[in-house]
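First the structure, in the form of structure tokens, and then the observations on it.
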Amino acid sequence: MGAEVVAATAVALNFEFAAFFILQAFSQAATTFVGQNYGAKNIARCRRIIKVTLGISVLISGSISIAIAVFAYPLSEIFTAEPAVIRYSVIRIRYILTFEIINIFIETLSGAMRGVGYSLVPAVACMLGVCVFRIFYVYTIFADNPTFEVLMAVYPISWLLTVFAIIGLYFYVFKRVEKKLWRKRRA
């Protein structure tokens with residue numbers, strides 16, 4: 001898509017990474033605290049931790065992501081004065097960080113599943129929903145309409161598909177975990 005898009009991506013990634021690292025910190029906290037309470041066989045506390053972690057992450061990570069999206073233009077100007085680069089950077093930031101809240105649910109629920117010993121389940125779901133779908137999208141939808149906006153739309157679309165899978169898998173995994181703990185208590 002040209003040097004301007006590459007430069008704009010470099011600019012936008014500075015803000016995307018900052019927002020993602022904050023989001024990822026909450027996901028790691030969910031993994032750690034869910035794992036500790038799972039080890040203590042306290043599934044009720046595991047569920048409470050997930051709710052609290054999601055709530056705090058949506059509040060903090062969501063606010064930061066939205067603030068960056070709102071101020072994308074002046075923030076992009078920190079790194080470049082080139083109007084085309086700024087324009088593409090703003091498009092990328094707004095497509096990605098406006099919808100980063102979806103990724104909060106993917107990462108936090110995946111972290112919770114890892115905390116109870118199911119790391120492969122969310123990994124496969126994310127690989128299919130994010131990686132495989134994006135490749136399919138690029139070779140079909142984007143190939144028919146190769147604009148930067150169409151390319152950036154793959155992010156929220158792939159996250160939306162993935163979050164539905166992750167939510168379903170989360171309920172499935174935690175139902176299995178509860179049954180497993182219940183059987184151990186009866187034994």
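Values reported hereafter were calculated over all heavy atoms of this structure, with side chains retained and with hydrogens, waters and symmetry mates removed.
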Can you tell me how far apart [atom1] ([X]) and [atom2] ([Y]) are? Round to the nearest 0.5 Å.
{"X": "Tyr38", "Y": "Cys46", "atom1": "OH", "atom2": "SG", "result": "9.0 Å"}
{"X": "Arg94", "Y": "Ile68", "atom1": "CZ", "atom2": "CD1", "result": "12.5 Å"}
{"X": "Leu109", "Y": "Ile104", "atom1": "CG", "atom2": "CD1", "result": "11.0 Å"}
{"X": "Asn103", "Y": "Ser110", "atom1": "CG", "atom2": "OG", "result": "9.0 Å"}
{"X": "Glu149", "Y": "Thr147", "atom1": "CD", "atom2": "OG1", "result": "5.0 Å"}
{"X": "Leu13", "Y": "Ile93", "atom1": "CG", "atom2": "CD1", "result": "9.0 Å"}

Provide the closest heavy-atom pair for [X] versus [Y] in the form atom of the first, atom of the second, distance.
{"X": "Leu169", "Y": "Ala125", "value": "CD1-CB, 3.5 Å"}
{"X": "Phe148", "Y": "Val5", "value": "CE1-CG1, 3.4 Å"}
{"X": "Cys126", "Y": "Ile106", "value": "SG-CG2, 3.7 Å"}
{"X": "Asn37", "Y": "Phe33", "value": "ND2-O, 2.8 Å"}
{"X": "Tyr137", "Y": "Ile157", "value": "CE1-CD1, 4.0 Å"}
{"X": "Ala112", "Y": "Thr31", "value": "N-OG1, 4.5 Å"}

- Who else is in Ile86's hydrophobic cluster (ILVMFWY, side-chain heavy atoms under 4.5 Å, direct or via others)?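 Traced through the cluster, Ile86 reaches Tyr73, Val90.
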
- Please assess Tyr172 against Arg176 for the test side chain to side chain donor-acceptor pair (under 3.5 Å), listing each intermediate value before the final yes or no. CA-CA 6 Å; Tyr172 173 77; Arg176 285 186 59 133; 3.1 Å; yes

Contact between [X] and [Y] at the side-chain level, heavy atoms closer than 4.5 Å - yes or no?
{"X": "Phe20", "Y": "Glu107", "value": "yes"}
{"X": "Tyr170", "Y": "Thr108", "value": "no"}
{"X": "Asp144", "Y": "Thr140", "value": "no"}
{"X": "Val58", "Y": "Phe105", "value": "yes"}

- Message: Assess the residue pair Phe99 and Tyr95 against the criterion (ring pair (Phe, Tyr, Trp, His ring centres under 6.0 Å)); give the C-alpha distance rounded to whole Å, side-chain angles, the decisive distance to 0.1 Å, and a yes or no.
- Response: CA-CA 7 Å; Phe99 298 99; Tyr95 265 93; 7.2 Å; no

Hydrophobic clusters here meaning ILVMFWY residues chained together by side-chain heavy-atom distances under 4.5 Å, can you tell me if [X] and [Y] are in one?
{"X": "Trp159", "Y": "Met127", "answer": "no"}
{"X": "Leu160", "Y": "Val150", "answer": "yes"}
{"X": "Ile56", "Y": "Ile22", "answer": "yes"}
{"X": "Leu120", "Y": "Leu128", "answer": "yes"}
{"X": "Val124", "Y": "Phe164", "answer": "no"}

- Message: With a sphere of 6.0 Å drawn around CZ of Arg45, does it hold more than 12 non-hydrogen atoms of other residues, nucleotides or ligands?
- Response: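 For Arg45, atom CZ is not crowded (no more than 12 foreign heavy atoms under 6.0 Å).
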
- Candidate pair Val11 and Arg92, rule side-chain contact (heavy atoms from CB on, under 4.5 Å), full reasoning: CA-CA 10 Å; Val11 169; Arg92 182 178 171 102; over 6 Å; no

- With Pro74 via side-chain contact (heavy atoms from CB on, under 4.5 Å) - residues at least two apart: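 side-chain contact (heavy atoms from CB on, under 4.5 Å) check on Pro74 returns Phe71, Glu77.
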
- Any donor-acceptor pair under 3.5 Å from Arg114 side chain to Ser119 backbone: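 No: the side chain of Arg114 does not pair with the backbone of Ser119.
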
- Mind checking side chain to side chain donor-acceptor pair (under 3.5 Å) for Ser76 and listing every partner two or more places apart, or none if nothing turns up?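 Ser89.
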
- Message: Is the ring pair Phe21/Phe17 parallel, tilted or perpendicular, if the boundaries are 30 and 60 degrees?
- Response: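 Correct class here is parallel.
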
- With a 4.0 Å cut-off, would you call Glu4 and Arg87 a salt bridge?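 No, Glu4 and Arg87 are not salt-bridged.
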
- Task: For Phe79 and Phe15, run ring pair (Phe, Tyr, Trp, His ring centres under 6.0 Å): C-alpha distance rounded to whole Å, both residues' side-chain angles, the deciding distance at 0.1 Å, then the answer.
- Result: CA-CA 11 Å; Phe79 293 97; Phe15 304 107; 5.6 Å; yes

